[in-house]
Novice: 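Next up is a structure, given as structure tokens.
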2 protein chains.
Amino acid sequence: MASAVIDFNALRKSCASCALAQLCLPASIGAEGLTRLDELVQQRKPADRGTTLFDTGGRQSKLYVVRSGSFKTFVDLPDGDHQVLGFHFPGDLLGLDALPSEVHRCNAQALERSMVCEVPFNELSNVASKLPGLQQQLYRVMSDEFAREQEHMVMMGRRQAPARLAIFLHSLSERRRRLGLDPLELNLSMSRQDIANYLGLVIETVSRLMGRFQSAGVLDVERRIVHIRDMDALRALAHAGDAADGMLKSASSS
Amino acid sequence: MASAVIDFNALRKSCASCALAQLCLPASIGAEGLTRLDELVQQRKPADRGTTLFDTGGRQSKLYVVRSGSFKTFVDLPDGDHQVLGFHFPGDLLGLDALPSEVHRCNAQALERSMVCEVPFNELSNVASKLPGLQQQLYRVMSDEFAREQEHMVMMGRRQAPARLAIFLHSLSERRRRLGLDPLELNLSMSRQDIANYLGLVIETVSRLMGRFQSAGVLDVERRIVHIRDMDALRALAHAGDAADGMLKSASSS
DNA sequence: CGTTCATTTGATGCCGCTCAAGCAGTGTGG
DNA sequence: CCACACTGCTTGAGCGGCATCAAATGAACG
């Protein structure tokens, strides 16, 4: 389905040949380090849509790196509802919430057929303690994960629904850009339900806002494919305290 | 085993004599490890209300441990507003967002006169790589930090304002309990404005809800001192999808 | 072609935001 | 010690945005 520009022939077993190496743990360690890291990394079979990498309460402390596809992490709430915590794309790490010998506090589920690398955390930690470069990179990706959660909270703190959706879409675009993909062409692998939950809204509101964004000429929405027509407008909407809502007020001028 | 009594005379310079040792980095490292850790830890002068430990953009990658008092972390938004990310009490770590040689992505400000320990992160990392116990504890507190952020997101995902406030108050209570303090007696060192911002609400809503909680016999609110009268009711409110709102409908049980 | 599920679209009502005024605790200068 | 201003919080009235309920449409699949 997705005509990803990734060369799957290059996605072999070794980290050295991985297209994501610069985003992932191997960044900034030498050839010898790579060899030792390679010994730890376990490849997994493709995870089909709906299967989970780990579930709440699980005790396996492994680190997962998304190679292709996408995942969502979420917690189950006492009232039977969910809360989606995040979406994860190639290069992202999963499993940081259970370092080391702790229990997972959330679930990680594939949104589509996806591939991951799997690293036993304790062994990784051992190797990292002898490879300063790897250790540093490990801290860095953890720090990045903190930054991502902070972004989520900033988004949730914004009261107006249009700003939340705009921030979300802009964030997806940024992440695609970082992966070397077209930042204007979003492929929403998650359902509207997941998006709404992630944003603290209901599904109807998300749907309506998508429509309004489209009418305003900001987006082209076609089912799960979203094309960003006006990035500046999207940014304006994202940063709007209360302003910039004018561009959505039905009047389809300009 | 551990006596619940905090002896303030024991709050001397060394980690070994610190009342927070079991919550902090020294947990589960031996005497020799403690000595090496002590060499890294720098004591700081008391931080007065309003002073910042670090600011957005700062490049000093240090770790801070709150010894007494409290802090808030927050980001500045383009429109001049803030977003409060969290509140931090004794035993909590600050500065994890700038590991290592990255820039801080938020500000940390004292809410009252507070004390912190300060550890240069790079040196801590070096020592930790030779002390598996310390390394593991470092990962653990980072993992805890992830868990705390997840709780925040769950809270923000709840639509109903009463549930958000109840979750917040209950969380504060839990944190006091973990510190060996009375979990029923909350001392809100942060302003209503900070609370409202943290919860994604406005100050008036927080104020009204405090009033309603008090009328319902759940709380005793007196300025910044909040006494929890009915912990079960507070929990019920926290987990309420939509139910349990009944207990707030004006006339209530004596 | 019919069933099912995801998404869109519409109508209505409530919760929480906005605007505005009142109040208590704190500090300052006379 | 009191008058005054100031800041942080509470309380009230009114409105609007988003949730809720309900139904239609469209895509996916056997």
Side-chain angles (χ1 to χ4, degrees), chain A residues 1 49-50 72 79 81-82 84 111-112 155-166 168 188-215 219-226 237 240-246 248-250, chain B residues 49-50 72 79 81-82 84 111-112 155-166 168 187-215 219-226 237 240-246 248-250:
Chain A
M1 129 180 188
R49 173 186 168 84
K72 66 171 174 181
D79 56 17
D81 205 6
H82 303 301
V84 174
L111 294 169
E112 58 194 312
M155 192 266 304
M156 296 284 269
R158 304 277 77 186
R159 327 236 147 77
Q160 307 282 12
R164 294 194 199 179
L165 182 61
F168 170 69
L188 304 181
S189 55
M190 68 295 291
S191 68
R192 295 286 195 271
Q193 182 63 61
D194 288 334
I195 297 174
N197 188 297
Y198 178 76
L199 299 177
L201 302 171
V202 293
I203 185 176
E204 293 97 325
T205 302
V206 172
S207 184
R208 270 183 260 269
L209 286 174
M210 290 278 200
R212 284 167 65 186
F213 283 12
Q214 182 160 29
S215 308
L219 303 176
D220 252 8
V221 184
E222 189 177 339
R223 191 147 171 64
R224 297 197 152 183
I225 307 291
V226 172
L237 284 164
D242 275 317
D245 265 2
L248 298 178
K249 293 291 182 187
S250 64
Chain B
R49 173 186 168 84
K72 68 171 173 181
D79 56 18
D81 205 6
H82 302 303
V84 174
L111 294 169
E112 58 193 312
M155 191 266 305
M156 296 285 269
R158 304 278 76 187
R159 325 235 152 74
Q160 307 284 9
R164 293 195 199 179
L165 182 60
F168 171 68
N187 192 339
L188 304 181
S189 55
M190 68 294 291
S191 69
R192 296 286 196 271
Q193 182 62 60
D194 288 334
I195 297 174
N197 188 295
Y198 179 75
L199 299 177
L201 302 171
V202 292
I203 186 175
E204 295 96 325
T205 302
V206 171
S207 185
R208 271 183 260 269
L209 286 174
M210 291 278 199
R212 284 168 66 187
F213 282 14
Q214 182 162 29
S215 307
L219 303 177
D220 250 10
V221 184
E222 189 178 338
R223 194 152 164 59
R224 297 196 152 183
I225 307 292
V226 172
L237 284 164
D242 276 318
D245 265 2
L248 297 178
K249 294 290 181 190
S250 62

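Each chain gets a letter, A, B and so on, in the order the sequences are listed, and its residues count up from 1. Only heavy atoms go into these numbers, but all of them, side chains included; no hydrogens, no water, no symmetry mates.
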Novice: In whole angstrom, what separates Gln214(A)'s CD from dT9(C)'s P?
Specialist: 9 Å
Novice: What pair of heavy atoms forms the shortest contact from Arg158(A) to Asp79(B), and how long is it?
Specialist: NH1-OD2, 2.8 Å
Novice: Determine the minimum heavy-atom distance between Arg164(B) and Met155(B), stating which atoms define it.
Specialist: CG-O, 3.5 Å
Novice: Glu222(B) CD to dA24(C) P: how many Å, rounded?
Specialist: 13 Å
Novice: Set out, in order, the CA-CA distance, both residues' side-chain angles and the distance that settles side chain to side chain contact (heavy atoms under 4.5 Å, CB included) for Phe213(A) and Val226(A), then state yes or no.
Specialist: CA-CA 11 Å; Phe213(A) 283 12; Val226(A) 172; over 6 Å; no
Novice: Between dG8(D) atom C1' and Glu112(B) atom CD, what is the distance in whole Å?
Specialist: 17 Å
Novice: Do Leu165(A) and Leu201(A) have side-chain heavy atoms sitting under 4.5 Å apart?
Specialist: no
Novice: Is there side-chain contact between Arg212(B) and Leu237(B), with heavy atoms separated by less than 4.5 Å?
Specialist: no
Novice: For Arg192(B) versus Arg223(B), what's the shortest heavy-atom pair and its separation?
Specialist: NH2-O, 3.0 Å
Novice: Tell me whether the OP1 or OP2 atom of dC18(D) has a side-chain N or O from Gln160(A) closer than 4.0 Å.
Specialist: yes
Novice: Hey, are the side chains of Leu111(A) and Asp194(A) touching, using non-hydrogen atoms and a 4.5 Å cut-off?
Specialist: yes
Novice: What is the separation between atom CG on Leu201(B) and atom C1' on dC18(D), rounded to the nearest whole Å?
Specialist: 15 Å
Novice: Please encode protein proximity along nucleotides 9-16 of chain D as a string of B, S and -, counting only heavy-atom distances under 4.0 Å.
Specialist: SBBBB---
Novice: First locate atom OH of Tyr198(B), then atom NZ of Lys72(B), and finally report the distance between them rounded to the nearest 0.5 Å.
Specialist: 13.5 Å
Novice: For nucleotides 23-26 of chain D, list the nitrogen or oxygen atoms of the protein found under 3.5 Å from its nitrogen or oxygen atoms, one pair per line.
Specialist:
none

